[in-house]
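Below, all heavy atoms of this structure are taken into account, side chains as well, without hydrogens, waters or symmetry copies.
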Amino acid sequence: MWRASVPNPADIARLRAARDRFDLNPLAIHTNYLVNLASADPVIRGKSIVSFRGELDRAAAIGADFLVLHPGSYKGQSLDQGITEFVRGLAEAARGFRAPGLTVLLENTVGSGSQIGSRFEELRRIRDLAACETDLPLGFCLDTCHLLAAGFDIASEAGLESTIASVKRTLTLPLVHAIHANDSKGALGSRLDRHENIGKGKIGEDGFRRILTHRALQSKPFILETPVEEEGDDRRDVTALKRLAVS
């Protein structure tokens, strides 16, 4: 739904207590999937700007470190126009907003249809243009399923090295603040955004072992977005990541 509200103070206090107790840092949350700041449709665009501002306000209220945002779809426009509209929408939503410690992370996509963000150059261009329009801090979140489906062969040793070199060259590693750890139901370059449990998809255990232990990525937080089709799937995925990170 488009409609949402800021959590009540008691719930926020319980969240903060849980974070302190279990050392849950950093806190990264995700925007509503309906938000499309690149849209040319005036109704969707208006709702997206209002909704994203609400996401910013909620992130600030609960003390989140990162707010992950998809670059959206440029359907009915050129890619350049879509990127420009995204940046304008971002700046409009963030006007007057202040929350020290919060960074918005642009997430890479599989690039199906008119999606923006399957190429690192597109993500970097958004950040560079946004720096002229808003002082909202922007970084990047990389999704492993999206990378593979977009054509980055992170399942192989050579492909992972090539991908990381491209990240360093185009995005820079310090601006990559989080990684969504998801195996992929779709094959390399399939443009299929279907997440799979760790080790069960086209990246596989060997692929994740290399990703988790790579010197350039070891300090990054990895966050699961894998399916939970049976009770305990989420815990099993956490266990798998821990095992592969030290093997």
Hey, any chance [X] and [Y] share a hydrophobic cluster, counting ILVMFWY side chains that come within less than 4.5 Å of each other, even indirectly?
{"X": "V68", "Y": "V35", "answer": "no"}
{"X": "F120", "Y": "L79", "answer": "yes"}
{"X": "L241", "Y": "I211", "answer": "yes"}
{"X": "L147", "Y": "I116", "answer": "yes"}
{"X": "L148", "Y": "L217", "answer": "yes"}

Roughly how far, to the nearest 0.5 Å, is the [atom2] atom of [Y] from the [atom1] atom of [X]?
{"X": "I164", "Y": "L160", "atom1": "CD1", "atom2": "CG", "answer": "4.0 Å"}
{"X": "D193", "Y": "C145", "atom1": "CG", "atom2": "SG", "answer": "5.5 Å"}
{"X": "L142", "Y": "T163", "atom1": "CG", "atom2": "OG1", "answer": "9.5 Å"}
{"X": "C141", "Y": "L106", "atom1": "SG", "atom2": "CG", "answer": "9.5 Å"}
{"X": "L123", "Y": "T170", "atom1": "CG", "atom2": "OG1", "answer": "9.5 Å"}
{"X": "K47", "Y": "D41", "atom1": "NZ", "atom2": "CG", "answer": "9.5 Å"}

Between [X] and [Y], is there a donor-acceptor pair closer than 3.5 Å when you use the side chain of the first and the backbone of the second?
{"X": "R210", "Y": "A155", "value": "yes"}
{"X": "D183", "Y": "I203", "value": "yes"}
{"X": "S114", "Y": "S73", "value": "no"}
{"X": "D233", "Y": "V228", "value": "no"}
{"X": "D65", "Y": "A28", "value": "no"}

Check whether any side-chain heavy atom of [X] lies under 4.5 Å from a side-chain heavy atom of [Y], and answer yes or no.
{"X": "I83", "Y": "Y74", "value": "no"}
{"X": "D80", "Y": "R125", "value": "yes"}
{"X": "I126", "Y": "P71", "value": "yes"}
{"X": "D57", "Y": "F97", "value": "yes"}
{"X": "S48", "Y": "W2", "value": "yes"}

For this session: I would like to know whether D237 and T226 meet side chain to side chain donor-acceptor pair (under 3.5 Å); could you show each step before the answer?
Result: CA-CA 8 Å; D237 280 335; T226 46; 2.6 Å; yes
For this session: Apply the side chain to side chain donor-acceptor pair (under 3.5 Å) test between N182 and each candidate in T144, N197, D143; give the one that qualifies.
Result: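 One option only clears the test, and that one is D143.
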Taking distance alone, no hydrogens or angles, what donor-acceptor pairs closer than 3.5 Å link side-chain atoms of residues 127-134 to residues at least two apart or in another chain?
unit_1 : atom_1 : unit_2 : atom_2 : d
R127   : NE     : L138   : O      : 2.7
D128   : OD1    : R124   : NE     : 3.2
T134   : OG1    : L136   : N      : 3.1

For this session: Test salt bridge (Lys or Arg N to Asp or Glu O under 4.0 Å) on R53 and E92 and set out the steps.
Result: CA-CA 9 Å; R53 178 51 182 259; E92 183 175 343; over 6 Å; no
Give a yes or no on whether [X] atom [atom1] has more than 12 heavy-atom contacts from other residues, nucleotides or ligands under 6.0 Å away.
{"X": "E230", "atom1": "CD", "answer": "no"}
{"X": "E121", "atom1": "CD", "answer": "yes"}
{"X": "R194", "atom1": "CZ", "answer": "no"}
{"X": "K75", "atom1": "NZ", "answer": "no"}

Pairs of donor and acceptor atoms involving the side chains of residues 171-180, under 3.5 Å and at least two apart or interchain, shall be tabulated with distances.
unit_1 : atom_1 : unit_2 : atom_2 : d
H180   : ND1    : E107   : OE2    : 3.4
H180   : ND1    : E225   : OE1    : 3.0
H180   : ND1    : E225   : OE2    : 3.4

For this session: Just do the side chain to side chain contact (heavy atoms under 4.5 Å, CB included) check on S162 and F152 with the steps written out, would you?
Result: CA-CA 8 Å; S162 175; F152 295 92; over 6 Å; no
Problem set entry | Side-chain donor-acceptor pair present, E161, H214, cut-off under 3.5 Å |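 The answer is yes; a qualifying pair exists.
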Exercise. Which residue, K202, K200, E196, H195, forms the side-chain contact (heavy atoms from CB on, under 4.5 Å) with K185?
Worked result: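 Of the listed options, the one satisfying the test is E196.
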Exercise. Per the side-chain contact (heavy atoms from CB on, under 4.5 Å) rule, which among N32, L105, L37 passes with L69?
Worked result: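 Only one of N32, L105, L37 forms a side-chain contact (heavy atoms from CB on, under 4.5 Å) with L69, namely L37.
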Heavy-atom pair with the smallest gap, counting every atom of [X] and [Y]:
{"X": "R191", "Y": "S112", "answer": "O-CB, 3.6 Å"}
{"X": "A240", "Y": "I198", "answer": "CB-CG2, 4.1 Å"}
{"X": "G82", "Y": "A38", "answer": "O-CB, 3.4 Å"}

Exercise. Is there a side chain to side chain contact (heavy atoms under 4.5 Å, CB included) between F52 and L67 once you walk through the steps?
Worked result: CA-CA 10 Å; F52 182 62; L67 175 61; 3.8 Å; yes
Exercise. With the threshold set at 4.0 Å, does a side-chain nitrogen-carboxylate oxygen contact exist between E122 and R119?
Worked result: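 Result for this pair is yes, salt bridge flagged.
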Exercise. Any ion pair linking E85 and R45 (charged N to carboxylate O, less than 4.0 Å)?
Worked result: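 Judged by the 4.0 Å cut-off on N to carboxylate O distance, R45 and E85 do form a salt bridge.
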Exercise. Relative to the ring of H146, is the ring of H70 parallel (under 30°), tilted (30 to 60°) or perpendicular (over 60°)?
Worked result: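 Perpendicular, since the angle between the ring planes exceeds 60°.
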Problem set entry | Other cluster members, Y33 - Ile/Leu/Val/Met/Phe/Trp/Tyr, side-chain contacts below 4.5 Å |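 Under the 4.5 Å side-chain rule, Y33 groups with nothing.
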For this session: Assert yes or no for the condition that the ring centre distance of F66 to F140 is strictly below 6.0 Å.
Result: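 Here the rings of F140 and F66 have centres that are no less than 6.0 Å from each other.
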For this session: Take Q115 and V110 through the side chain to side chain contact (heavy atoms under 4.5 Å, CB included) test and state the conclusion after the steps.
Result: CA-CA 8 Å; Q115 281 184 342; V110 299; 3.4 Å; yes
Exercise. Yes or no on side chain to side chain contact (heavy atoms under 4.5 Å, CB included) for I62 and L27, after CA distance, side-chain angles and deciding distance?
Worked result: CA-CA 9 Å; I62 67 175; L27 174 58; 4.1 Å; yes
